[in-house]
Engineer: 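Following this message is one structure expressed as structure tokens.
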Amino acid sequence: MVYINQIALKDGQIKHPGKIGLNVSEEQTSDETKQTAINIIYVLNKATDGNLNRVERVVQLTGIFNTTENFERHADIMNSASELMILLFGENGKHTRATYGAVSPPLNSTVEIQTIF
């Protein structure tokens with residue numbers, strides 16, 4: 001089992017920090033979610049000594065989003081991460097998933113994703 005937790009860092013920065021529905025759009029957050037999934041794959045690749053074929057299954061993704069209190073479209077935004085896992089791992093990329101909002105994720109990231117492989 002491999003457990004990975006990542007935020008939307010790219011080149012050491014959060015490209016679109018802030019809250020969805022306040023100062024960050026759903027489209028920007030979808031991009032940040034995909035970047036977070038890419039970060040996860042990067043870490044997973046290191047954990048498997050550069051051989052992603054060793055991954056038997058994507059078990060679970062949990063998306064934590066920096067949102068206003070009345071935001072409800074977490075699951076829609078999380079699709080970009082789920083779609084990447086299925087693209088990379090095929091049938092073995094299908095997984096359970098949870099999404100929810102948070103008050104203050106690390107570094108004001110719009111998204112944090114926890115994974116189990």
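Each residue takes its place number in the sequence, starting with 1. Keep in mind that this is a model prediction, so the values were computed, not measured.
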Engineer: Looking at every non-hydrogen atom in both residues, tell me the closest pair between Asn39 and Ala8 and how far apart they are.
Structural biologist: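 For Asn39 versus Ala8, the nearest heavy atoms are ND2-C, 4.1 Å.
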Engineer: Do Lys19 side-chain atoms and Glu69 backbone N/O form a donor-acceptor pair below 3.5 Å?
Structural biologist: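 No: the side chain of Lys19 does not pair with the backbone of Glu69.
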Engineer: Under the 4.5 Å side-chain heavy-atom rule for ILVMFWY, direct or indirect, which residues accompany Leu9?
Structural biologist: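 The other cluster members (ILVMFWY side chains, heavy atoms under 4.5 Å, direct or chained) are Ile7, Ile14, Leu107.
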Engineer: For the atom pair CE (Met85) and NZ (Lys94), what is the distance rounded to the nearest 0.5 Å?
Structural biologist: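 Spacing of CE (Met85) from NZ (Lys94) equals 15.5 Å.
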Engineer: Please check if any side-chain donor atom of Ser82 sits under 3.5 Å from a side-chain acceptor atom of Arg97, or the reverse.
Structural biologist: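 Looking only at side-chain atoms, Arg97 and Ser82 do form a donor-acceptor pair, the distance falling under 3.5 Å.
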Engineer: List the residues meeting side chain to side chain contact (heavy atoms under 4.5 Å, CB included) with Val2, not counting sequence neighbours, and say none if there are none.
Structural biologist: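 Partners of Val2 under the side chain to side chain contact (heavy atoms under 4.5 Å, CB included) test: Ile4, Leu44, Ala47, Phe117.
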Engineer: Would Ile41 and Leu52 count as a side-chain contact (heavy atoms from CB on, under 4.5 Å) here? Give the steps.
Structural biologist: CA-CA 9 Å; Ile41 297 302; Leu52 290 176; 4.0 Å; yes
Engineer: Classify the side-chain pair Ser30/Glu32 by whether it contains a donor and acceptor separated by less than 3.5 Å.
Structural biologist: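 No, because no side-chain N or O of Ser30 sits under 3.5 Å from a partner of the opposite role on Glu32.
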Engineer: Carefully, step by step, assess Ile113 and Val111 under the rule side-chain contact (heavy atoms from CB on, under 4.5 Å).
Structural biologist: CA-CA 7 Å; Ile113 300 175; Val111 61; 3.9 Å; yes
Engineer: If you measure from CD1 on Ile77 to CD on Glu26, what distance do you get to the nearest 0.5 Å?
Structural biologist: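 With rounding to 0.5 Å, CD1 (Ile77) is 4.5 Å from CD (Glu26).
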Engineer: How long is the gap from OG1 on Thr96 to CG on Leu61, to the nearest 0.5 Å?
Structural biologist: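 Reported to 0.5 Å precision, the distance equals 7.5 Å.
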Engineer: Other than Ile64, which residues form its hydrophobic cluster under the rule that side-chain heavy atoms must be closer than 4.5 Å?
Structural biologist: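 Members other than Ile64 - counting any ILVMFWY side chain reachable under 4.5 Å - are Tyr100.
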Engineer: Testing the 3.5 Å rule here: is there a donor-acceptor pair between the side chains of Gln35 and Asp31?
Structural biologist: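 Short answer, no.
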Engineer: Give every residue pair that meets the side-chain hydrogen bond (donor to acceptor under 3.5 Å, both in side chains) criterion with at least one member in residues 104-116, sequence neighbours excluded.
Structural biologist: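 Passing the test, one end in residues 104-116: Asn5-Glu112, Asn66-Asn108.
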Engineer: Gln60 vs Thr62, test: side-chain contact (heavy atoms from CB on, under 4.5 Å). Steps then yes/no.
Structural biologist: CA-CA 7 Å; Gln60 181 173 342; Thr62 302; 3.1 Å; yes
Engineer: Tell me which pairs pass side-chain hydrogen bond (donor to acceptor under 3.5 Å, both in side chains) where either residue lies in residues 6-16, with sequence neighbours left out.
Structural biologist: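 Counting only pairs at least two positions apart or across chains, the side-chain hydrogen bond (donor to acceptor under 3.5 Å, both in side chains) contacts touching residues 6-16 are His16-Gln28.
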Engineer: Indicate, with yes or no, if Ile38 and Val55 share a hydrophobic cluster defined by side-chain heavy-atom contacts under 4.5 Å among Ile, Leu, Val, Met, Phe, Trp and Tyr.
Structural biologist: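 Shared cluster, yes.
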Engineer: What verdict does the side-chain contact (heavy atoms from CB on, under 4.5 Å) test give for Asn92 and Val58, after you've listed the backbone C-alpha separation in whole Å, the side-chain angles of each residue and the deciding distance to 0.1 Å?
Structural biologist: CA-CA 6 Å; Asn92 293 336; Val58 179; over 6 Å; no
Engineer: If you measure from CG on Asn45 to CZ on Arg54, what distance do you get to the nearest 0.5 Å?
Structural biologist: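 Separation between the atoms: 10.5 Å.
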Engineer: Would you give the length of the straight line joining atom CD of Glu56 to atom CE of Met1, rounded to the nearest 0.5 angstrom?
Structural biologist: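 Answer rounded to 0.5 Å: 10.0 Å.
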Engineer: To the nearest 0.5 Å, what is the distance between CG (Leu22) and OG1 (Thr68)?
Structural biologist: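 Output value for this atom pair is 7.0 Å.
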Engineer: Filter on ring-ring contact (aromatic ring centres under 6.0 Å, His included), then keep only pairs touching residues 54-99, sequence neighbours left out; what's left?
Structural biologist: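 Listed once each, the pairs are Phe71-His74.
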Engineer: Same cluster or not: Ile86 versus Leu88, using hydrophobic residues (I, L, V, M, F, W, Y) connected whenever any side-chain heavy atoms lie under 4.5 Å apart?
Structural biologist: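 No, Ile86 and Leu88 fall in different hydrophobic clusters.
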